[in-house]
Amino acid sequence: MPVDKLPLAVLEIALLLMASFALADLPRPEDVLRQGVKRLSLTEHVRLNWPLQEVSFPLEFADGECRERSIILVAPDGKPMAFQLSAVTYHAGGQFVKSARIHFLSSLAAGESKTFGVYYGSRADDAGDRSNLAQPVLTDLAVKPVDAATLELSNGKIGLRVANGKAQYQPAQLSVDVPAPIIAVRGPDGAWRGRGYLDTWWRVLGYETTVTAGPIFAEVRTTYHFERGKTYSVCVRLVDQMDYAHVEEQMDLGPRCTFVFDCSAGFAPDRLGLTTAGSNVVPRQLNYFDDVLQARLNVFTQYTQLFDFRDALGVYQEEGARDFVGLFIHNPGEWTRIKVNTIECWERRQMGDD
């Protein structure tokens with residue numbers, strides 16, 4: 001999903017949460033000496049309890065008003081909060097921020113209102129000088145290289161290993177032999193499971209990655225280049241404190257070109273779990289008797305759902321750690337060719353070394 005949009009789990013913030021620059025008083029920490037403040041308000045109108053998740057607001061500043069490193073986000077209780085900026089633009093000269101989007105985490109109870117403060121300053125000693133406030137709030141979101149071709153994203157709950165860096169291949173390589181957009185996943189027990197790979201008709205000429213790392217979200221976008229000018233771009237996004245990751249794909253590879261995640265690597269799942277419209281998981285035993293399609297989610301069937309009740313599929317072990325490795329369809333309105341795009345779970349015949 002685009003970086004500057006809210007998760008569908010809250011639908012569109014313009015519909016559900018009254019987002020505005022409120023005039024209500026906001027507690028101001030004694031040690032915040034910034035000159036200006038913008039107040040951001042969240043109000044819940046549909047009598048639902050919203051769990052902790054990422055929210056974002058646009059910000060605009062007049063020329064000479066705000067230096068980027070002066071910005072501080074303060075919670076309704078007056079305490080500083082972790083935040084992240086994206087889509088930052090500057091006035092002529094590049095010293096002062098013109099616009100940005102601020103991202104942070106918040107929950108909201110039914111009927112609740114919260115007001116947050118964005119403090120900022122224009123003085124030169126505001127920029128880069130946070131000595132008049134406690135150290136910037138840290139989170140457990142981390143991005144670190146595993147090797148030249150692998151990057152690890154983690155947030156204390158889950159982890160993902162993804163492609164890293166860039167490469168060019170001469171001759172072109174089979175898609176299964178290049179680093180995948182998701183190589184492996186880690187659950188709360190710390191064990192790495194699965195093996196991701198691309199299964200395409202076309203050979204790969206090379207790939208490159210771009211990385212965004214911050215305290216609220218980390219993003220890795222990998223673009224693969226194929227023969228005949230074909231491309232596949234995938235963005236993997238992990239948010240602090242969330243136990244799932246967002247994956248956004250764009251491609252022109254044609255049919256029967258897929259990303260495959262083989263759950264048998266480091267994992268021995270014996271159950272397929274299905275949910276429908278947010279219901280509890282319905283288990284189905286996996287027997288590994290034959291190569292057979294066990295379940296399919298079609299994007300089109302999700303399109304009319306109002307509150308993002310997720311049809312999901314995944315695999316897990318009946319005994320042991322009970323980690324669930326699965327996928328759900330997100331933001332169906334942004335998918336193209338929704339009648340033919342699917343997520344499938346195939347059970348393959350058990351091999352001798354399984």
Is the ring centre of His103 less than 6.0 Å from the ring centre of Phe83?
no
Under 30°, 30 to 60°, or over 60°: which ring-plane class applies to Tyr224 and Phe226, parallel, tilted or perpendicular?
tilted
In terms of the angle between their ring planes, are Phe104 and Phe57 parallel, tilted or perpendicular, with boundaries placed at 30° and 60°?
parallel
Looking only at heavy atoms, what is the nearest atom pair of [X] and [Y], with distance?
{"X": "Gln241", "Y": "Asn155", "result": "N-ND2, 3.7 Å"}
{"X": "Gln84", "Y": "Ala213", "result": "NE2-C, 4.3 Å"}
{"X": "Asn164", "Y": "Pro145", "result": "ND2-CB, 4.3 Å"}

The test is side-chain hydrogen bond (donor to acceptor under 3.5 Å, both in side chains); show your working for Trp50 and Glu44 and say whether it passes.
CA-CA 9 Å; Trp50 300 94; Glu44 204 288 321; 3.1 Å; yes
Walk me through whether Arg39 and Thr115 qualify under side-chain hydrogen bond (donor to acceptor under 3.5 Å, both in side chains).
CA-CA 6 Å; Arg39 293 172 171 86; Thr115 303; over 6 Å; no
Closer than 4.0 angstrom, basic N to acidic O: yes or no for [X] and [Y]?
{"X": "Glu54", "Y": "Arg237", "result": "yes"}
{"X": "Glu248", "Y": "Arg221", "result": "yes"}
{"X": "Glu152", "Y": "Arg161", "result": "yes"}

Has Thr209 got a side-chain atom pairing as donor or acceptor with Gly165's backbone, closer than 3.5 angstrom?
yes
Take atom CD in Gln294; do more than 12 heavy atoms of anything else shown fall under 6.0 Å from it?
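Yes.
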Quick one: do Leu174 and Tyr232 end up in the same hydrophobic cluster if we chain Ile, Leu, Val, Met, Phe, Trp and Tyr together by side-chain heavy atoms under 4.5 Å apart?
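The answer is no; the residues belong to distinct hydrophobic clusters.
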Going hydrophobic residue to hydrophobic residue with side-chain gaps under 4.5 angstrom, can you get from Leu59 over to Val97?
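Yes, one cluster joins them.
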Is Arg193 close enough and on-axis enough to Phe267, meaning under 6.0 Å and within 45°, for cation-pi?
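Positive - Arg193 is close enough to the ring of Phe267 and near enough to its axis.
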